[in-house]
S.K.: 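Take this structure first; my questions come after.
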Amino acid sequence: MKSIELAAPVRLRAPAKVNLGLEVVARRPDGYHEVVTILQSVSLFDTIDLLPAPALRYTPPAGLERESDLLWRAVRLAEERFGVRLRAQIRLEKHIPLAAGLGGGSSDAGTLLGALAVLAGIPLDEVERAAAALGSDVPFFVRGGTALATGTGTDLAPLSTPPNVWFVVVAPDLVIPAKTAALYGALTPDHFTDGVATRRLAAALERGDTLDPDLMHNTFTPVLREWDAVSRAIDALHAAGAQVVLPSGAGPSVFTVVPAQAVANAIADRLPAGIGRVYVCTTVARDSNASALQAAVG
């Protein structure tokens, strides 16, 4: 068992994500779905403070039991799979809305796993593979940045340079019960596509090209339109000047992408009250916590 003891506090930023494209290709025999998607970290963050302590101390957010809290499960995974025991107090401050398609819980878990890997000297690719046991988005958040994800979303191909763009994200005040199962269950073969557009977009981003709105698709758009709160948010973004509006993941959050912060701010300012929480953010590069972790390990 390898024990991690901190000499000084470490603050980690756990970023939200948007899906620059998401195509569902097919339903697998095991009940899961094959997807082709581009995951992008954005500058809406939860914060995770690791404070020196003689033993692990952590209280999940209100309303969450430990065994259903992804951050706690990440701590247990590090201990059981890699023999890493964290001796610290964990303080989690939530800013990413829950169950909104922005990856909040997955980011908390993946960000902590990535930090523990660095602090314990474990190869990050090993941790990414193990993180798939916690959820399809968790491996991506071990390092974040920009990545093409395929299979069930856990097969990652990092893209070297994030696009230089800004986002206006709207998270409607909507709770969809059993959201992931409900949204995937609503798909029919008529919704499935071949993933070519998203793969072409990934190739263009890898070349350093600008985002092509014609290649940005999300399979869940027509299904999510069935919820009035989502439709209102999509229509409000278009009315405010957005060219392309996509759900993030399986929603219900939706977003538009623009080339500059001033354009994003102008669209956000034109949005009506009552459509949900509005965030203006930009892309976040891979390994965004590297400097904080380098300071911690000297």
Side-chain angles (χ1 to χ4, degrees), residues 13-23 37-46 93-108 137 140-141 144 146 162-180 182-184 186 198 201 211 213-284:
R13 299 193 305 169
K17 62 81 180 170
V18 296
N19 298 72
L20 299 179
L22 194 168
E23 295 181 75
T37 185
I38 300 172
L39 300 163
Q40 175 62 62
S41 300
V42 298
S43 58
L44 167 61
F45 300 99
D46 290 345
E93 185 174 316
K94 294 291 297 178
H95 299 280
I96 304 169
L98 297 174
L102 299 173
S106 295
S107 181
D108 299 338
D137 285 343
F140 166 72
F141 284 112
T146 315
N164 183 22
V165 292
W166 285 79
F167 305 94
V168 183
V169 180
V170 178
D173 294 322
L174 172 67
V175 177
I176 302 175
K179 184 192 73 174
T180 300
L183 268 294
Y184 275 99
T198 302
L201 181 60
L211 276 174
D214 291 335
L215 297 177
M216 297 177 68
H217 305 285
N218 187 312
T219 295
F220 292 104
T221 299
V223 178
L224 283 164
R225 276 278 196 180
E226 297 297 318
W227 277 270
D228 287 342
V230 179
S231 273
R232 287 197 302 271
I234 292 172
D235 293 342
L237 280 165
H238 281 304
Q243 178 181 2
V244 60
V245 180
L246 293 182
S248 183
S253 292
V254 296
F255 71 93
T256 189
V257 56
V258 294
Q261 184 178 12
V263 179
N265 287 336
I267 289 174
D269 289 343
R270 287 193 288 267
L271 292 173
I275 63 165
R277 286 161 287 182
V278 177
Y279 306 94
V280 173
C281 45
T282 190
T283 53
V284 173

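Just so it is clear, the structure is predicted and the values come from calculations on it, not from any experiment. Residue numbers count from 1 along this sequence.
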S.K.: In this structure, are over 12 heavy atoms from other groups packed under 6.0 Å from N164 atom CG?
M.R.: no

S.K.: Is the shortest side-chain heavy-atom distance between L44 and V169 below 4.5 Å?
M.R.: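 Of all side-chain heavy-atom pairs linking V169 with L44, none is under 4.5 Å.
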
S.K.: For the residue pair G249 and L22, what are the closest heavy atoms and their distance?
M.R.: CA-CD1, 3.7 Å

S.K.: Applying side-chain contact (heavy atoms from CB on, under 4.5 Å) to L271 and V168, what does each step give before you reach the verdict?
M.R.: CA-CA 10 Å; L271 292 173; V168 183; 4.1 Å; yes

S.K.: Are D173 and R277 side-chain neighbours, meaning at least one heavy-atom pair lies under 4.5 Å?
M.R.: yes

S.K.: So do the side chains of L20 and P163 get within less than 4.5 Å of each other, counting heavy atoms only?
M.R.: yes

S.K.: Please name the pair of heavy atoms, one in L201 and one in M216, separated by the smallest distance, quoted to 0.1 Å.
M.R.: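 It is CD2-CG, 3.8 Å.
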
S.K.: Check for a donor-acceptor pair, side chain of T198 on one end and backbone N or O of G21 on the other, with a separation under 3.5 Å.
M.R.: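 No: the side chain of T198 does not pair with the backbone of G21.
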
S.K.: Any non-hydrogen side-chain atom of S41 less than 4.5 Å from a side-chain atom of F140?
M.R.: yes

S.K.: Under the rule for side-chain contact (heavy atoms from CB on, under 4.5 Å), what residues qualify as partners of V258, not counting sequence neighbours?
M.R.: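 Only W166, V263, A264, I267 meet the side-chain contact (heavy atoms from CB on, under 4.5 Å) criterion with V258.
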
S.K.: Looking only at non-hydrogen atoms, find the nearest pair between P97 and L102 and report the distance.
M.R.: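 That would be CG-CD1, 3.9 Å.
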
S.K.: If I compare all heavy atoms of P252 with all of A99, which pair ends up nearest, and what's the gap?
M.R.: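 Looking at all heavy atoms of both residues, the closest pair is CD-O, 3.4 Å.
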
S.K.: Of all heavy-atom pairs between A250 and L183, which one has the smallest distance, and what is that distance?
M.R.: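 The pair with the smallest heavy-atom distance is O-CG, 3.7 Å.
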
S.K.: First locate atom CD of E226, then atom CD1 of I176, and finally report the distance between them rounded to the nearest 0.5 Å.
M.R.: 11.0 Å

S.K.: With no hydrogens and no angle check, is any side-chain donor or acceptor of S107 less than 3.5 Å from a backbone partner on P15?
M.R.: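 Such a contact is found between S107 side chain and P15 backbone.
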
S.K.: How long is the gap from OG on S253 to CZ on F167, to the nearest 0.5 Å?
M.R.: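 Rounded to the nearest 0.5 Å, the OG-CZ separation comes out at 13.5 Å.
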
S.K.: Please identify each residue that fulfils side chain to side chain donor-acceptor pair (under 3.5 Å) with D108, with sequence neighbours left out.
M.R.: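 With sequence neighbours excluded, D108 shows a side chain to side chain donor-acceptor pair (under 3.5 Å) to K94, given in chain and number order.
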
S.K.: Short question: side chain of K17, backbone of G144 - any donor-acceptor pair under 3.5 Å?
M.R.: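 The answer is no, because no donor-acceptor pair under 3.5 Å joins these two groups.
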
S.K.: Donor-acceptor pair, S248 side chain versus G101 backbone, under 3.5 Å?
M.R.: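 Judged by distance alone, yes, a pair lies under 3.5 Å.
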
S.K.: Using 0.5 Å steps for rounding, measure from the CG atom of L224 to the CG atom of L174.
M.R.: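 Going from the CG atom of L224 to the CG atom of L174 covers 8.5 Å.
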
S.K.: Look up atom OG1 in T219 and atom OH in Y184, then write down how far apart they are to the nearest 0.5 Å.
M.R.: 8.5 Å

S.K.: Going from NE2 on H217 to OG1 on T37, what distance comes out if it is rounded to the nearest 0.5 angstrom?
M.R.: 12.5 Å

S.K.: Just jot down the side chain to side chain donor-acceptor pair (under 3.5 Å) partners of D235, sequence neighbours excluded, or say none.
M.R.: R225

S.K.: CG/D46 to CD/E93 distance, rounded to the nearest 0.5 angstrom?
M.R.: 8.5 Å

S.K.: Could you tell me whether the side chain of V284 reaches within less than 4.5 Å of the side chain of F45, counting heavy atoms only?
M.R.: yes

S.K.: On a heavy-atom basis, which atom in T221 and which in P247 lie closest, and how many Å separate them?
M.R.: OG1-CD, 3.1 Å

S.K.: Q40 pairs by side chain to side chain donor-acceptor pair (under 3.5 Å) with which of T283, T146, N19?
M.R.: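 The single option meeting the side chain to side chain donor-acceptor pair (under 3.5 Å) with Q40 is T146.
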
